[in-house]
Amino acid sequence: MSLHVACEEPGMTDETDRQPARDPQELERLLISRQWVGDIDGMAALFEPHAVIDSGGGQLTFGREAIRTMFAEVTATGRKFQSGDQRPAVINGDLALTSTRLPDGTITTEVARRQNDGTWLWVIDRFSVA
């Protein structure tokens, strides 16, 4: 998940894309597009109910509701997520490792899990491993 924030507009549409991720590579794009239009519930819906986000500095956010609150706080500041250079997902069965190099050089890593309906949701998200 890209959490590099900026105030410039990257040309996202103003319509919310609530389609589920059919490929783990779609999760980042969906997260960013939903954040740009203020769809906090849609952002949180990209995570499993018991997912965890590591925001760095030992700060862990557990569970979809806490993740939703965190995204609401970030979005309320007016800052916008930016996309980066997404690397190809490494998929093993129903798990996928995704990562993105952000414009500032940091790297995000995420673990997604294939759901029973074939869609993908994040279960672990680490904002920066650099």
Side-chain angles (χ1 to χ4, degrees):
M1 171 179 71
S2 288
L3 286 184
H4 176 76
V5 293
C7 294
E8 311 88 43
E9 296 198 22
M12 295 284 176
T13 68
D14 60 356
E15 294 183 17
T16 301
D17 182 357
R18 277 295 184 96
Q19 293 296 314
R22 299 277 175 206
D23 182 291
Q25 294 289 115
E26 296 174 355
L27 288 164
E28 178 185 2
R29 176 188 58 79
L30 293 171
L31 181 78
I32 294 170
S33 66
R34 292 173 186 184
Q35 197 258 351
W36 272 81
V37 298
D39 182 10
I40 306 304
D41 290 332
M43 295 170 69
L46 297 172
F47 291 81
E48 285 192 356
H50 301 291
V52 61
I53 292 180
D54 179 353
S55 302
Q59 182 178 356
L60 300 177
T61 303
F62 292 97
R64 188 180 285 156
E65 284 307 309
I67 290 169
R68 184 199 179 289
T69 299
M70 182 195 69
F71 284 144
E73 292 169 357
V74 170
T75 301
T77 68
R79 297 179 296 169
K80 301 292 185 183
F81 297 168
Q82 299 292 302
S83 61
D85 179 25
Q86 190 175 28
R87 307 306 305 156
V90 177
I91 300 173
N92 185 1
D94 290 334
L95 295 176
L97 177 66
T98 59
S99 64
T100 302
R101 179 178 301 279
L102 300 175
D104 67 0
T106 60
I107 299 170
T108 68
T109 56
E110 305 84 26
V111 175
R113 183 179 359 239
R114 187 185 338 256
Q115 306 300 297
N116 291 336
D117 64 0
T119 62
W120 291 83
L121 295 175
W122 278 320
V123 292
I124 302 171
D125 185 353
R126 177 171 272 169
F127 285 4
S128 178
V129 295

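Positions are given from 1 along the sequence.
To the nearest 0.5 angstrom, R64 atom CZ is 10.0 Å from F47 atom CZ. Separating the CD1 atom in I53 from the CD atom in Q59 is a distance of 10.0 Å, to the nearest 0.5 Å. The structure places CD1 of I124 at 14.0 Å from NE2 of H50, a figure rounded to the nearest 0.5 Å. Here L46 contributes atom CG and D125 contributes atom CG; the two are 10.5 Å apart, rounded to the nearest 0.5 Å. Between M43 atom CE and I32 atom CD1 the span is 9.5 Å, to the nearest 0.5 Å. Here the straight-line distance linking atom CD1 of I40 with atom CD of E73 works out to 10.5 Å at 0.5 Å rounding.
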- Query: Step by step, would you call R18 with D41 a side chain to side chain contact (heavy atoms under 4.5 Å, CB included)?
  - Reply: CA-CA 10 Å; R18 277 295 184 96; D41 290 332; 3.6 Å; yes
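Of all heavy-atom pairs spanning P20 and T119, the tightest one is CB-CG2, 3.5 Å. The two atoms that bring Q82 and L102 nearest to each other are O-CD2, 4.1 Å, heavy atoms only. Taking both residues in full, the closest heavy atoms of S55 and T61 are given as OG-OG1, 4.4 Å, listed atom of the first, atom of the second, then distance. For the residue pair W120 and G93, the shortest heavy atom distance occurs at CH2-O, 4.2 Å. What you find for I107 and S99 is that their closest heavy atoms are CG2-CB, 4.4 Å. Closest approach of M70 to F127, counting heavy atoms only: CE-CZ, 3.8 Å.
Using bins of under 30°, 30° to 60° and over 60° for the plane-to-plane angle, the ring pair F71/F81 lands in the perpendicular bin.
Around CZ of R101, the count of heavy atoms belonging to other residues, nucleotides or ligands within 6.0 Å does not exceed 12. The number of heavy-atom neighbours closer than 6.0 Å to CG of D117, taken from other residues, nucleotides and ligands shown, is above 12. When the shell of 6.0 Å around CZ of R114 is examined, it contains more than 12 heavy atoms from other residues, nucleotides or ligands.
V111 and F62 end up in the same hydrophobic cluster when Ile, Leu, Val, Met, Phe, Trp and Tyr side chains are linked at under 4.5 Å.
In terms of modelled atom types and a separation under 3.5 Å, the side chain of Q25 and the main chain of A89 share a donor-acceptor contact. Judged by distance alone, the side chain of S33 and the main-chain N or O of L30 form a donor-acceptor pair under 3.5 Å. Judged by distance alone, the side chain of Q115 and the main-chain N or O of E48 form no donor-acceptor pair under 3.5 Å.
A donor atom on one side chain and an acceptor atom on the other are not found under 3.5 Å apart for E28 and T98.
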